[in-house]
Amino acid sequence: MADLKTWLGGRSEGRPTKRRKGQDDDDGGGGGSGDDDDLGRAIKASKLEARVAEMDEETMLREAIRLSEAAVAVPGRPMGEESASEVNKPSPKKKVDPFQTSQLSDHTDASLLLEWPDSSFSSKPAEMINKLEGSLDLLYFRRWINAHARQHLRSWLLSNLAWHRVSYTRPSTKQRIVTPRFTATFGRDETGADMARYPVKPKEIPQVLGTLMKKVEEQTSARYNALIINYYADGTDSISYHSDDESFLGPLPTIASLSLGSSRDFYLRRKAPADVEIPPASTKSFSMGTKGHGPAASRPTEKMTLSDGDLVVMRGRTQNEWEHSIPKRANAGGRINITFRRVMTVAGTNNFQRYNRGLPSDDDTRVYRWDSREGRMMPGSGGL
Ligand SMILES: O=C(O)CCC(=O)C(=O)O
Ligand SMILES: [Fe+2]
């Protein structure tokens with residue numbers, strides 16, 4: 001077993017997690033800033049912020065299911081920044097629509113969204129975030145999309161997309177998982193496979209998103225063919241620690257992630273190298289790849305805040321050696337995140353459909369649409 005100090009500071013090869021996209025959708029929590037010196041302070045702070053960091057895996061799962069069910073039952077907050085005093089108030093009775101989606105849906109600047117002129121984007125060069133000998137390799141374009149364009153994009157997404165709240169029963173534990181966020185998925189088959197090989201046919205990438213994807217490709221020097229769009233209604237929605245390191249994304253996948261709406265913490269945590277033993281998370285029979293308490297809490301972490309318009313690109317060995325998460329928070333309004341990635345196989349695309357759009361056999365096959373009068377997602381029909 002490698003010495004922990006060496007592991008914290010030194011070179012190591014990561015070990016891919018066994019989680020697939022969307023599996024065990026509890027909340028990771030935990031983490032902190034990346035430098036070893038700051039680690040204790042950061043962990044303490046992050047534990048205060050994310051109470052789930054203290055829970056064992058089983059409790060986290062139960063809590064996640066409870067919270068995500070509550071998030072469906074309780075009206076979510078509309079997107080936009082909120083003052084602290086507004087948080088935890090009962091849902092407002094009057095219509096609150098800070099994105100003015102009702103007004104914009106008729107007046108959405110179609111030419112802006114279809115052509116995406118260069119003036120919609122910041123020309124500032126990316127900040128490069130490189131840690132632990134390049135194992136973490138990020139490009140960070142703050143406020144990449146300008147305010148006008150991102151408002152139109154948000155409105156367009158909310159007005160036009162059909163969203164899913166995927167639920168499924170985990171085969172190993174028979175536990176019912178409700179993913180604590182809404183998702184929409186689009187993709188393009190580039191394998192030339194017979195469409196019969198897709199139990200759920202990938203949805204064609206809408207033109208607005210296809211042209212945006214081209215801009216992201218130019219900016220990030222990579223090619224993509226699959227989009228996962230996440231909508232986090234409020235701070236109870238989250239994505240737990242995971243890596244997008246599935247083999248169908250290729251050996252060193254580049255994943256670009258665009259944020260719209262309320263700011264959220266984005267935590268990255270180094271995986272345990274293959275030669276470091278991680279004690280089990282609890283005495284219960286839960287095993288979640290490299291997740292766990294104890295040494296997990298002392299892994300190098302990097303904490304960022306992703307704000308409206310920010311574009312982050314995870315490159316190189318990042319997915320192999322690090323995990324990332326959006327932890328639950330008390331204070332958060334609505335947020336949309338669009339991830340761009342390149343899926344290489346039919347099985348990969350089917351995996352995305354499974355974990356982001358559900359299957360006809362799932363409990364909840366409802367489609368959700370944004371209701372601008374209610375200011376939240378409601379079961380509905382239609383949409384892209
Ligand atoms: O919401 C985010 O910023 C992260 C989403 C993510 O990690 C994913 O969809 O794989
Ligand atoms: Fe991810």
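The structure presented is a predicted model; accordingly, all values stated were derived computationally and were not measured. Excluded from the calculations below are hydrogen atoms, water molecules and symmetry mates; all remaining heavy atoms, backbone and side chain alike, are included.
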### Query
Do you reckon Y232 sits in the same ILVMFWY cluster as M378, going by side-chain contacts under 4.5 Å, direct or chained?
no

### Query
Is there a donor-acceptor pair under 3.5 Å between the side chain of D265 and the backbone N or O of T305?
no

### Message
Using modelled atom types and a 3.5 Å cut-off, is there a donor and acceptor pairing between side-chain atoms of R150 and backbone atoms of I145?
### Response
yes

### Query
Measuring from L138:CG to T318:OG1, what's the distance to the nearest 0.5 Å?
5.0 Å

### Query
Would you say the side-chain atoms of T339 pair up with the backbone N or O of I228, donor to acceptor, closer than 3.5 Å?
yes

### Message
Between N320 and S243, is there a side-chain donor-acceptor contact under 3.5 Å, judged purely by atom types and distance?
### Response
no

### Message
Within this structure, what is the OG-CE distance for the pair S259 and M304, rounded to the nearest 0.5 Å?
### Response
9.0 Å

### Query
Do you know the tightest heavy-atom contact between S257 and N337?
OG-ND2, 2.8 Å

### Query
Within the distance-only criterion (no hydrogens, no angle test), does the side chain of R335 pair as donor or acceptor with the backbone N or O of D234 below 3.5 angstrom?
no

### Task
For residues L161 and A184, report the shortest heavy-atom separation together with the two atoms involved.
CD1-CB, 4.0 Å

### Query
What orientation do Y231 and W370 show, parallel under 30°, tilted 30 to 60°, or perpendicular over 60°?
perpendicular

### Query
Excluding sequence neighbours, so at least two apart, what forms side-chain contact (heavy atoms from CB on, under 4.5 Å) with N130?
D137

### Query
For the side chain of T179 and the backbone of V166, is there at least one donor-acceptor N/O pair under 3.5 Å apart?
yes

### Query
Where the side chain of W322 meets the backbone of R317, is there a donor-acceptor pair that is under 3.5 Å apart?
no

### Message
Measuring only between side-chain heavy atoms, which start at C-beta, is I326 closer than 4.5 Å to F266?
### Response
yes

### Message
Side-chain heavy atoms nearer than 4.5 Å, only ILVMFWY residues, links allowed to pass through others: does that put F186 and L114 together?
### Response
yes

### Message
Side-chain heavy atoms nearer than 4.5 Å, only ILVMFWY residues, links allowed to pass through others: does that put W144 and M128 together?
### Response
yes

### Task
Please answer whether the main-chain N or O of R197 pairs with a side-chain N or O of D194 as donor and acceptor at a distance below 3.5 Å.
no

### Message
Quick check on E190: does its CD atom have over 12 non-hydrogen neighbours (other residues, nucleotides or ligands) under 6.0 Å away?
### Response
yes

### Query
Could you state the interatomic distance from CG (D237) to CZ (R165), rounded to the nearest 0.5 Å?
4.5 Å

### Query
Would you call D244 and P253 a side-chain contact if the rule is heavy atoms closer than 4.5 Å?
no

### Query
About how many Å separate CZ of R264 and CG of N331, when rounded to the nearest 0.5 Å?
10.5 Å

### Task
Could you tell me the separation between the CD atom of Q151 and the CG atom of D308, rounded to the nearest 0.5 Å?
9.0 Å

### Message
Side-chain heavy atoms nearer than 4.5 Å, only ILVMFWY residues, links allowed to pass through others: does that put M344 and I255 together?
### Response
no

### Message
Salt bridge check, R341 against E246: does any charged N sit closer than 4.0 Å to a carboxylate O?
### Response
no

### Query
Do the charged groups of K215 and D118 touch, with an N to O distance under 4.0 Å?
yes

### Task
For the residue pair T254 and M314, establish whether any side-chain heavy-atom pair is separated by less than 4.5 Å.
no

### Query
If only atom types and distance count, is the side chain of S238 paired as donor or acceptor with the main-chain N or O of K328 below 3.5 Å?
no

### Task
Scan side-chain atoms only and decide if R142 and S307 contain a donor-acceptor pair under the 3.5 Å cut-off.
no

### Query
Considering residues, nucleotides and ligands other than E127, do more than 12 of their heavy atoms fall under 6.0 Å from its CD?
yes

### Task
Tell me yes or no: between the side chains of R181 and T183, is some donor less than 3.5 Å from an acceptor?
no

### Task
Go through the steps to decide whether L249 and Q319 satisfy the test side-chain contact (heavy atoms from CB on, under 4.5 Å), and finish with yes or no.
CA-CA 10 Å; L249 295 173; Q319 301 301 331; over 6 Å; no

### Task
Using modelled atom types only, decide if a donor and an acceptor are shared between the side chain of S159 and the backbone of W156 within a distance under 3.5 Å.
no

### Message
What I'd like to find out is whether the side chain of I229 reaches to under 4.5 Å of the side chain of T185, using heavy atoms alone.
### Response
no

### Message
For R369, give me all partners under salt bridge (Lys or Arg N to Asp or Glu O under 4.0 Å), at least two apart in sequence or on another chain.
### Response
none

### Message
Do L212 and I338 make a side-chain contact, defined as non-hydrogen atoms from C-beta onward lying under 4.5 Å apart?
### Response
yes

#### Entry: Atom of V216, atom of Y224 and distance for their closest heavy-atom approach
CG1-CE1, 3.9 Å

#### Entry: Side-chain heavy-atom pair L258, L153 within 4.5 angstrom cut-off
yes

### Query
Within a strict 4.5 Å, meaning less than it, do heavy atoms of the H324 and L268 side chains meet?
yes

### Task
Taking all non-hydrogen atoms of both residues into account, name the closest pair between G187 and I205 and its distance.
N-CG1, 3.9 Å

### Query
What distance separates L209 CG from K214 NZ, expressed to the nearest 0.5 Å?
12.0 Å

### Message
Give me the atom names and distance for the closest heavy-atom approach of G382 to A162.
### Response
O-CB, 3.4 Å

### Message
Please determine whether a side-chain nitrogen of the Lys or Arg among E323 and K271 lies less than 4.0 Å from a carboxylate oxygen of the Asp or Glu.
### Response
no

### Atom of Y368, atom of M377 and distance for their closest heavy-atom approach
CB-CB, 4.1 Å

